[in-house]
Amino acid sequence: MKGIFTALIGAFDEQGQINEKGLREIVRYNIDHSKVDGLYVNGSTGENFLLSTPQKKKVFEIVKDEAGQEVKLIAQVGSLNLEESIELAKFTTELGYDALSAVTPFYYKFDFEEIKDYYNAILEEVDNQMIVYSIPALTGVNMNLEQFRELFENEKITGVKFTAPDFFLLERLRHAFPEKLIYSGFDEMLLPASVLGIDGAIGSTFNLNGVKAREIFESAQKGDLEKARKLQKETNDMISDVLSNGLYQTIKEVLKVRGVDAGVCRKPMKSATESQIKFAAEIQKKYFENK
């Protein structure tokens with residue numbers, strides 16, 4: 001379960017329905033071209049929180065059917081509705097997903113006991129491992145070292161997707177829990193996270209940049225920091241351009257230029273404008289042409 005995992009982008013048509021053909025093409029692109037180690041399915045990048053339960057299940061089914069056993073699959077089942085999380089955890093475990101993940105419950109000011117009960121309640125119902133999805137900037141949930149220690153007392157909680165800029169906490173986690181899986185969730189900070197000994201990374205821009213992400217990760221592991229810094233600088237130039245143009249819209253439009261039918265975003269997200277489409281084509285030419 002180590003290595004580079006793409007936070008899989010979603011594919012939808014103009015009516016907001018799942019574009020099955022496009023989703024399969026995205027999966028194949030990540031496996032065949034980017035050669036990632038795994039896929040993180042129905043996370044933020046997949047527009048998960050805009051989907052109904054049946055739509056989430058359909059995405060999980062399509063991805064598993066297309067990927068088979070070729071790469072590891074992590075199912076993000078987190079929801080404010082605990083019953084939905086449990087239902088999706090059972091569903092994806094039966095489908096054969098290698099691990100579950102769940103975002104910390106958000107919006108309401110849940111205390112830590114409520115958060116811990118949420119994870120334990122999901123795991124009581126399934127025989128699978130759980131990767132905690134910690135993204136404080138979007139959830140408002142900041143957990144400290146001792147709280148992670150309490151979560152990890154549940155042996156089924158085997159790691160964390162750490163999407164936070166707190167590298168002091170990241171180092172403390174790595175030192176305290178050498179047996180747990182720690183994935184970096186900030187693509188632009190992959191190098192410093194790799195230096196601290198992460199087990200892998202889960203990233204949105206890996207839909208486009210998976211090959212270079214692996215190079216950064218492996219260069220850091222080998223101690224070739226000069227090469228890793230160069231690659232991270234090139235990556236961050238690309239990320240800056242993508243973010244300035246709209247993250248999800250740009251990933252989809254670049255994939256389209258590369259022959260992948262990535263569809264459009266679900267409302268209330270907007271579809272790419274003409275100017276976004278034009279700049280996405282420039283990004284593709286600048287960073288990905290002939291690669």
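Only a predicted model underlies this, so the values are computations on that prediction, with no experimental measurement involved.
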(message) Under the criterion side-chain contact (heavy atoms from CB on, under 4.5 Å), I'd like the reasoning laid out for Leu100 against Ile131: C-alpha separation, chi angles, the key distance, then a yes or no.
(response) CA-CA 6 Å; Leu100 307 173; Ile131 307 297; over 6 Å; no
(message) Using the ring centroid of each side chain, check whether Tyr133 and Tyr119 are separated by less than 6.0 Å.
(response) no
(message) Just to verify, what does Lys116 make a salt bridge (Lys or Arg N to Asp or Glu O under 4.0 Å) with, not counting sequence neighbours?
(response) Glu113, Glu150
(message) For a 4.5 angstrom cut-off between non-hydrogen side-chain atoms, does His33 reach Arg258?
(response) yes
(message) Restricting to side chain to side chain contact (heavy atoms under 4.5 Å, CB included), what partner residues turn up for Lys58, sequence neighbours left out?
(response) Ile18, Glu20, Ile62
(message) Under 6.0 Å from the ring centre and within 45 degrees of the ring axis: does the NZ or CZ of Lys161 meet both conditions for the six-membered ring of Tyr40?
(response) yes
(request) Dump the intermediate steps for side-chain contact (heavy atoms from CB on, under 4.5 Å) on Met143 and Leu151, then the final yes or no. (result) CA-CA 10 Å; Met143 293 187 292; Leu151 290 180; 3.7 Å; yes
(message) Test of understanding: with salt bridge (Lys or Arg N to Asp or Glu O under 4.0 Å), list the residues that count as partners of Glu215, not counting sequence neighbours.
(response) none
(request) Measure the shortest side-chain to side-chain distance between Asp241 and Phe279 over non-hydrogen atoms and say whether it is less than 4.5 angstrom. (result) yes
(request) Evaluate the criterion side-chain contact (heavy atoms from CB on, under 4.5 Å) for residue pair Phe5 and Val36; output intermediate values, then yes/no. (result) CA-CA 6 Å; Phe5 285 68; Val36 295; over 6 Å; no
(request) Could you go through the side-chain contact (heavy atoms from CB on, under 4.5 Å) check for Gln69 and Lys64 one step at a time? (result) CA-CA 8 Å; Gln69 302 294 326; Lys64 177 58 180 176; 3.2 Å; yes
(request) Could you list the residues that satisfy side-chain hydrogen bond (donor to acceptor under 3.5 Å, both in side chains) with Asp111, not counting sequence neighbours? (result) none
(request) To the nearest 0.5 Å, tell me how far Thr45 OG1 sits from Gln76 CD. (result) 10.5 Å
(message) Checking Ile31 now: which residues fulfil side chain to side chain contact (heavy atoms under 4.5 Å, CB included) with it, not counting sequence neighbours?
(response) Val27, Arg28, Ala67, Glu70, Val71
(request) Report the residues that fulfil side chain to side chain contact (heavy atoms under 4.5 Å, CB included) with Ala176, sequence neighbours left out, ordered by chain and then residue number. (result) Leu145, Arg149
(request) Indicate yes or no: at least one non-hydrogen side-chain atom of Gln129 is less than 4.5 angstrom from one of Lys156. (result) no
(message) To the nearest 0.5 Å, what is the distance between CG on Leu73 and CG on Leu95?
(response) 9.5 Å
(request) Measure the acute angle between the ring planes of Phe152 and Phe177, then classify it against the limits of 30° and 60° as parallel, tilted or perpendicular. (result) perpendicular
Could you give the side-chain donor-acceptor pairs of residues 220-231 under 3.5 Å, partners two or more places apart or in another chain?
residue : atom : partner : partner atom : Å
Asp224  : OD1  : Lys227  : N            : 3.3
Lys230  : NZ   : Glu234  : OE2          : 2.6

(message) Within this structure, what is the CZ-CG distance for the pair Phe217 and Asp37, rounded to the nearest 0.5 Å?
(response) 8.5 Å
(request) Would you please name every residue forming a side-chain hydrogen bond (donor to acceptor under 3.5 Å, both in side chains) with Arg172, sequence neighbours left out? (result) none
(request) Please name all residues satisfying side-chain hydrogen bond (donor to acceptor under 3.5 Å, both in side chains) with Thr92, sequence neighbours left out, ordered by chain then number. (result) none
(request) If a pair satisfies side chain to side chain donor-acceptor pair (under 3.5 Å) and one of its residues is in residues 259-268, list it, with sequence neighbours excluded. (result) Asn19-Asp261
(message) I need the Leu39 CG to Ile9 CD1 distance, nearest 0.5 Å.
(response) 12.5 Å
(request) With sequence neighbours excluded, tell me which residues meet side-chain hydrogen bond (donor to acceptor under 3.5 Å, both in side chains) with Thr250. (result) Asn245
(request) Using the side chain to side chain donor-acceptor pair (under 3.5 Å) rule, collect all pairs that involve residues 174-197, keeping only residues at least two apart or in two chains. (result) Arg174-Asp199, Asp187-Thr205
